[in-house]
Amino acid sequence: MRIKILLLGALIISIHISAQKVDLNKDLTSYVNTLQGTNSKFELTRGNTYPTTALPFAMNTWTPQTGENGDGWKYQYFKDAIRGFQQAHQCSSWSNDYAVFSLMPITGKLVLNDKERAAKFSHDNEIAKPHYYKVEFDNEITTEMSPTERGVHIRFSFPKSEEAFVVIDGYTGTSSIEIDQKNKRITGYVRNGRGMHRVKGFKNYFTMEFDKPFQAIGTWENRNGNKKENNTFDEGEGIGAYIKFKPGQTIQVKVASSYISPEQAQLNLENELGKYKKLEQTTNAAKNVWNKHLSKILVEGGTEEQLKTFYSCFFRASLFSRKFYEINKDGNPYYYSPYDGKVHNGYMYTDTGFWDTFRAQFPLNAMLYPEMHGRYVSALLDAYEQCGWLPSWSFPSEAGSMIGNHAISLLADAWVKGIQTFDPEKALEAYYHEATNKGPWGPANGREGWKEYFTLGYVPYPKYREATAKTLEYAYDDFCAYTLAKTTGNKFYEKVFERQLYNYKNVYSKKVGFMRGKDIHGEWLENFDPYEWGGPYTEGNAWHYVWSVFQDPKGLIDLMGGNENFNKKMDSVFTVSNKVNVGTYGGKIHEMTEMQMANMGQYAHGNQPIQHMIYLYNYSEQPWKAQARAREVMEKLYNSTENGYPGDEDQGQTSSWYVLSALGMYSVCPGTNQYNIGSPVFEKATISLENGKQFVIKAQNNNQSNIYIQSATLNGEDYSKNYIEYQDILDGGELNFIMDNEPNKQKGIQESDKPYSLSAQ
C-alpha cells in the first residue's frame with residue numbers, strides 16, 4: 001500500500017512538474033499575429049490596426065509604412081510596397097499620428113520622395129510579431145526591427161552589387177537634423193501631429209547610432225525633394241537626411257527618442273539598447289518581455305485558431321494607454337507634459353480615448369496591472385492641474401473627441417476596486433468642473449449642453465448634436481461620481497449627482513420603445529425611425545442606444561414593461577432587418593457597412609455603444625442567451641487574420657472585449673466591482689495576478705457546441721450568480737463551470753443572482 005501511495009505521489013509530482021514546464025516554455029508570441037486587422041480602408045474597417053512592433057504600453061511603437069506621409073492608414077494589408085519604417089503613436093486612423101519620423105533603406109539610385117522610394121514586397125516574405133518584424137523586399141534588401149520601450153534596434157541587409165543608402169524622413173511638420181559623421185550618429189527632432197499649436201514647446205528628440213561608417217551624407221526636405229550634399233545640419237519643414245554606405249553591408253542602427261531633451265534621448269538609448277550589440281539580443285529580450293506579459297493569462301483547451309485570436313487580441317489590448325514618462329539619470333520617472341509644456345516628476349500616460357476604453361480596456365487593466373492602473377488614474381488629476389480639464393481623449397494632449405466625461409468612470413472604478421492612489425475629493429472637484437462647464441477643445445472637453453442637462457434632465461436636440469447619446473452617457477458618468485462620493489463620505493457631491501442618476505428615463509419614449517431625441521420644449525423629435533443613424537445619436541441609431549443604461553438595467557427593464565418585453569426587445573436586435581438609414585451622416589459610413597456585413601440584424605459590434613448589450617440578459621432572467629450570444633460574436637466576428645476585427649479596434653477596447661469575454665466575463669458597468677459572467681472559450685484559463693495569486697477559470701466539457709453553463713462553483717462552493725466580484729478574482733481561487741449544449745434555464749434567475757442595478761438597491 002505504501003509503495004502504491006509513493007508511486008501515486010511521484011506520478012502527481014511528475015504531472016505537476018510536466019504541466020508547469022510546458023507552461024513556462026510555451027512561446028506565446030508564436031500565437032500573436034500583429035497583422036491582425038490591417039486589411040482596412042476608409043470605407044471598411046477590419047480593425048484599422050498596423051503591425052505594431054513594441055513592448056507592452058511602451059512610449060514608442062514601430063511599424064512599416066505603406067501609406068503616404070500624413071495618411072492615417074499607415075499600413076494596409078492589400079498594398080504591396082513599403083515606403084518607410086516609422087516611429088508611431090497612432091491609436092486611430094481617424095486621429096492620424098504625432099511625433100513621427102521614418103527610416104527607409106534604398107539600393108541602387110538614391111530616391112528620396114516617399115512615394116517614389118517605395119519598395120515592393122510580398123507577405124510571404126514578412127514576419128510580424130510583437131518583438132520582431134522582418135520583411136525582405138523584392139529588391140533583396142531585408143529590414144528587421146525589435147523594440148524597447150523608447151527605442152528600436154533595426155538591421156538593414158543590402159545586396160552586394162548595388163549602392164546602399166538609408167533615408168531619414170522628417171514626416172509632415174517641422175524637423176531638425178544634425179549629422180555627426182565621425183561618431184556615426186544622427187540627432188534631431190520632429191514636431192508633427194494634429195493640435196500641436198496647443199502644445200507649446202512640444203518636440204520629439206531622437207538619436208540614431210549606426211555601426212558602419214558613412215560613405216557620403218546630406219540633408220533634404222520632403223516638400224519638393226531639395227537636397228544638400230555634404231550638409232550636416234538643417235532645420236525647417238519636413239527636413240530629413242540621407243546616408244550612403246559601402247555596398248553589400250549589413251547595417252545596424254539603434255534609435256531612441258525623448259520628449260524632454262536630446263540628452264534624455266541619448267540616455268534612453270544607452271539605458272535600453274546600450275548592452276545589445278546584435279539585433280538578436282534585442283529580439284530575445286523583447287520576446288522574453290512579451291512571453292512574461294502574455295503568460296499573465298494562460299489559456300488551454302481551445303483550437304489553434306482560438307489561441308491565435310486570443311493572444312493576438314491580448315497583445316493589442318496591451319499597447320494602450322502608452323507611457324509618456326521617461327527615466328532620468330537617477331532612475332526616477334519624469335515627463336514632459338503635453339498639457340502645460342513643462343517637465344514634471346512622476347508618471348504620465350497618453351494615447352487613448354475614454355469613450356471607447358472605459359468599457360473594457362481599463363477594467364482589464366485594473367485586474368491585471370493594478371499598480372500601473374493606480375499610477376494612471378493618479379496622473380489624470382495631474383493632467384487636470386496642468387490644463388484645467390480632465391482628459392477625455394489624450395493624443396498626446398487633450399483632444400476632447402467623442403462624447404461623455406468618462407475620466408470619472410476610471411476614477412470611480414479604480415476606487416471601488418481598492419485602487420485608491422488619488423485624492424477622491426480632488427477627483428470629484430475636477431469632475432464637477434467638467435460637468436458644469438464646456439471646454440474649448442471638442443465635444444467631450446467639458447460638457448456640451450450641461451445647463452439644459454441639469455435644468456431639463458436631458459440634452460435637447462437639435463440644439464445640440466448627438467444629444468440623446470450625451471444624455472445617456474452623462475447620466476452614467478454622474479452615477480460614477482455619485483458612487484465615488486458616496487463611498488468616500490462626500491455628502492455634498494453625493495447630493496449634487498444623485499439627482500441625475502435616472503436622467504436616462506427622460507429620453508425614453510414608451511410610445512416607440514426607444515431612446516429618442518427631444519427638443520428644448522420637451523417635444524419628441526418627429527418622424528422617428530429607429531434605423532436612422534446620427535442626429536441625436538453618436539455613430540449609431542436608436543437600436544444601439546436604447547441599451548446605454550449601464551448603471552441601471554433593472555430600471556430599463558421596468559421602463560420596457562418587465563423581463564418578458566425586455567427580452568423580446570433584446571432578441572429582436574438580432575432578428576430585425578440590418579437595413580440602414582444614413583440620416584444626418586448623408587452617406588454610408590464604415591460602421592454601417594460593418595454592421596451589415598456582420599449579418600446579425602441591428603447588432604453593431606464593430607462600434608462601442610452596443611458591445612455590452614449581450615450581457616444584459618443576465619439582468620432579465622435569461623443568462624443563457626448572454627452565454628450563447630457572447631460565443632457567437634467571438635466565433636463569428638473575430639479571428640487572428642488581417643480581417644480579424646468587425647470594426648475599428650479602438651485603442652485596445654475591442655480586443656479587451658474579446659479577452660474578457662473569452663475568459664467568460666465582461667464589465668457592463670465600470671464603477672462597480674462586478675464583471676458579468678458569459679461563456680468562456682477555453683477549458684482552462686489561469687490568470688496570474690500582481691499580488692502573486694492565481695485565479696483559475698475552468699470550463700469542463702467546453703467546446704464549440706457546449707456553450708451553456710449548467711452549474712458553477714467558486715472555490716468549491718455552489719455559485720449561481722451572473723457576475724463575479726473583483727475582490728474574488730484578486731483573492732485567487734478557482735471558478736469552475738460545467739458546460740453543456742443545452743441551457744440550464746433555472747440557473748441565474750433569482751434576484752440575488754443578478755448584477756448591480758441602481759433600481760434594485
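- Looking at Asn268 and Gln264, their side chains do bring a donor and an acceptor atom within 3.5 Å of each other.
- More than 12 heavy-atom neighbours from other residues, nucleotides or ligands sit within 6.0 angstrom of NZ on Lys296.
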Phe210 vs Phe245, ring pair (Phe, Tyr, Trp, His ring centres under 6.0 Å): CA-CA, chis, key distance, verdict: CA-CA 11 Å; Phe210 293 82; Phe245 295 94; 5.7 Å; yes
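- Of the residues Thr641, Thr49, Asn643, the one that meets the side chain to side chain donor-acceptor pair (under 3.5 Å) test with Asn39 is Asn643.
- Formation of a donor-acceptor pair under 3.5 Å by the Asn192 side chain with backbone atoms of Ala99 is found in this model.
- Ring orientation note: the planes of Phe85 and Phe156 are tilted relative to one another, at an angle of 30° to 60°.
- Other residues, nucleotides and ligands contribute more than 12 heavy atoms inside 6.0 Å of the CZ atom of Phe233.
- If you take OH on Tyr645 and OG on Ser640, they are separated by 10.0 Å, rounding to the nearest 0.5 Å.
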Stepwise side-chain contact (heavy atoms from CB on, under 4.5 Å) test for Asn284 and Tyr276: CA-CA 10 Å; Asn284 288 335; Tyr276 304 133; over 6 Å; no
Intermediate values then yes/no, side chain to side chain donor-acceptor pair (under 3.5 Å), Thr309 and Glu305: CA-CA 6 Å; Thr309 302; Glu305 174 56 27; 2.8 Å; yes
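- In the model, Asn445 has no side-chain atom that pairs as donor or acceptor with a side-chain atom of Trp393 under 3.5 Å.
- Relative orientation of the His89 and Tyr259 rings is tilted, given thresholds of 30° and 60° on the angle between their planes.
- Distance alone, capped at 3.5 Å, places no donor-acceptor pair between the Glu326 side chain and the Ser258 backbone.
- Side-chain atoms of Lys342 do not come within 3.5 Å of backbone N or O of Ser337 as any donor-acceptor pair.
- Residues Thr52 and Phe315 have side chains in contact (heavy-atom distance under 4.5 Å, counting atoms from C-beta outward).
- The minimum heavy-atom distance between Ser93 and Gly72, with the atom names listed, is OG-O, 3.4 Å.
- With respect to Lys323 and Glu149, a salt bridge is recorded, a charged nitrogen being found less than 4.0 Å from a carboxylate O.
- Under a 4.0 Å N-O distance rule, the pair Arg155/Glu144 qualifies as a salt bridge.
- Counting only distance, with no hydrogens or angles, the side chain of Ser295 and the backbone of Lys292 share a donor-acceptor pair below 3.5 Å.
- Rounding to the nearest 0.5 angstrom, the gap separating the OG1 atom in Thr63 from the CD atom in Gln86 is 6.5 Å.
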Test log, rule ring pair (Phe, Tyr, Trp, His ring centres under 6.0 Å), inputs Phe121 and His123: CA-CA 7 Å; Phe121 77 107; His123 293 298; 5.2 Å; yes
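- Rounded to the nearest 0.5 Å, atoms NZ (Lys134) and CG (Leu279) are 10.0 Å apart.
- Looking only at atom types and distance, the side chain of Glu140 has no donor-acceptor partner in the side chain of Thr107 under 3.5 Å away.
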Full working for side chain to side chain donor-acceptor pair (under 3.5 Å) between Thr66 and Gln76: CA-CA 6 Å; Thr66 63; Gln76 294 172 297; 5.0 Å; no
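- Note on ring orientation: taking the six-membered ring where Trp is involved, the planes of Tyr311 and Phe314 are tilted (angle from 30° to 60°).
- Here Asp27 pairs with Lys287 in a salt bridge; the nearest charged N to carboxylate O distance falls below 4.0 Å.
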Residues Val253, Asp211; criterion side-chain contact (heavy atoms from CB on, under 4.5 Å); working and verdict: CA-CA 6 Å; Val253 55; Asp211 71 339; over 6 Å; no
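- The minimum heavy-atom distance linking Ala88 with Tyr50 is given by the pair CB-OH, 3.9 Å.
- What you find for Pro391 and Tyr339 is that their closest heavy atoms are CG-OH, 3.7 Å.
- For the residue pair Gln651/Thr357, the side-chain donor-acceptor check at 3.5 Å is not satisfied.
- Residues Tyr336 and Lys203 fail the side-chain proximity criterion, which asks for heavy atoms closer than 4.5 Å.
- Minimum heavy-atom separation, Asp351 to Pro396: OD1-CA, 4.3 Å.
- Contact detail for Met104 and Ile82: the closest heavy-atom pair is CE-O, 3.3 Å.
- Without hydrogens or angle criteria, Ser146 side chain to His153 main chain gives no donor-acceptor distance under 3.5 Å.
- With Ser392 contributing its side chain and Ala444 its backbone, the two residues share a donor-acceptor pair below 3.5 Å.
- Residues Ala128 and Thr34 approach most closely at CB-OG1, 3.1 Å, considering heavy atoms.
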Verdict with supporting geometry, Asn224 and Asn226, side chain to side chain donor-acceptor pair (under 3.5 Å): CA-CA 6 Å; Asn224 55 31; Asn226 288 342; 3.0 Å; yes
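- The closest side-chain heavy-atom distance from Gln266 to Glu209 is below 4.5 Å.
- Tyr31 and Glu304 form no side-chain donor-acceptor contact under 3.5 Å, judged by distance and modelled atom types alone.
- Proximity of a side-chain donor or acceptor of Gln361 to a complementary backbone N or O of Ala317 within less than 3.5 Å is detected.
- Side chains of Asn139 and Glu162: a donor-acceptor N/O pair is absent below 3.5 angstrom, by distance only.
- Exactly one of Arg83, Arg117, Lys115 qualifies for a salt bridge (Lys or Arg N to Asp or Glu O under 4.0 Å) with Asp169. That residue is Arg117.
- Gln249 places no side-chain N or O within 3.5 Å of a backbone atom of Phe158 that could act as its donor or acceptor partner.
- Looking at heavy atoms from C-beta onward, Cys91 lies in side-chain contact with Phe395 at the 4.5 angstrom threshold.
- For Trp290 (side chain) and Ala54 (main-chain N/O), a donor-acceptor pair under 3.5 Å exists by modelled atom type.
- Put simply, OG1 on Thr282 and NZ on Lys275 are 9.5 Å apart, with the number rounded to the nearest 0.5 Å.
- Under the 30°/60° scheme for interplanar angles, the aromatic rings of Phe206 and Phe101 are found to be tilted.
- Note: His373 and Tyr376 have parallel aromatic rings, judged against thresholds of 30 and 60 degrees for the angle between ring planes.
- No donor-acceptor pair closer than 3.5 Å links the side chain of Gln90 to the backbone N or O of Ser95.
- Ring pair His293/Phe57 is perpendicular by interplanar angle, where above 60° counts as perpendicular and below 30° as parallel.
- Ring geometry for Trp94 against His590 counts as parallel: the plane angle stays under 30°, on a 0 to 90° scale with 60° as the upper cut.
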Glu263/Tyr205 under side chain to side chain donor-acceptor pair (under 3.5 Å): CA gap, chis, key distance, verdict: CA-CA 9 Å; Glu263 293 77 18; Tyr205 301 97; over 6 Å; no
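- A cation-pi arrangement is present between Arg150 and Tyr325 under the rule of less than 6.0 angstrom and at most 45 degrees off the ring axis.
- Taking CZ of Phe214 as the reference point, atom NZ of Lys182 lies at 14.0 Å (rounded to 0.5 Å).
- Distance check: Ile589 CD1 to Thr45 OG1 gives 10.0 Å after rounding to the nearest 0.5 Å.
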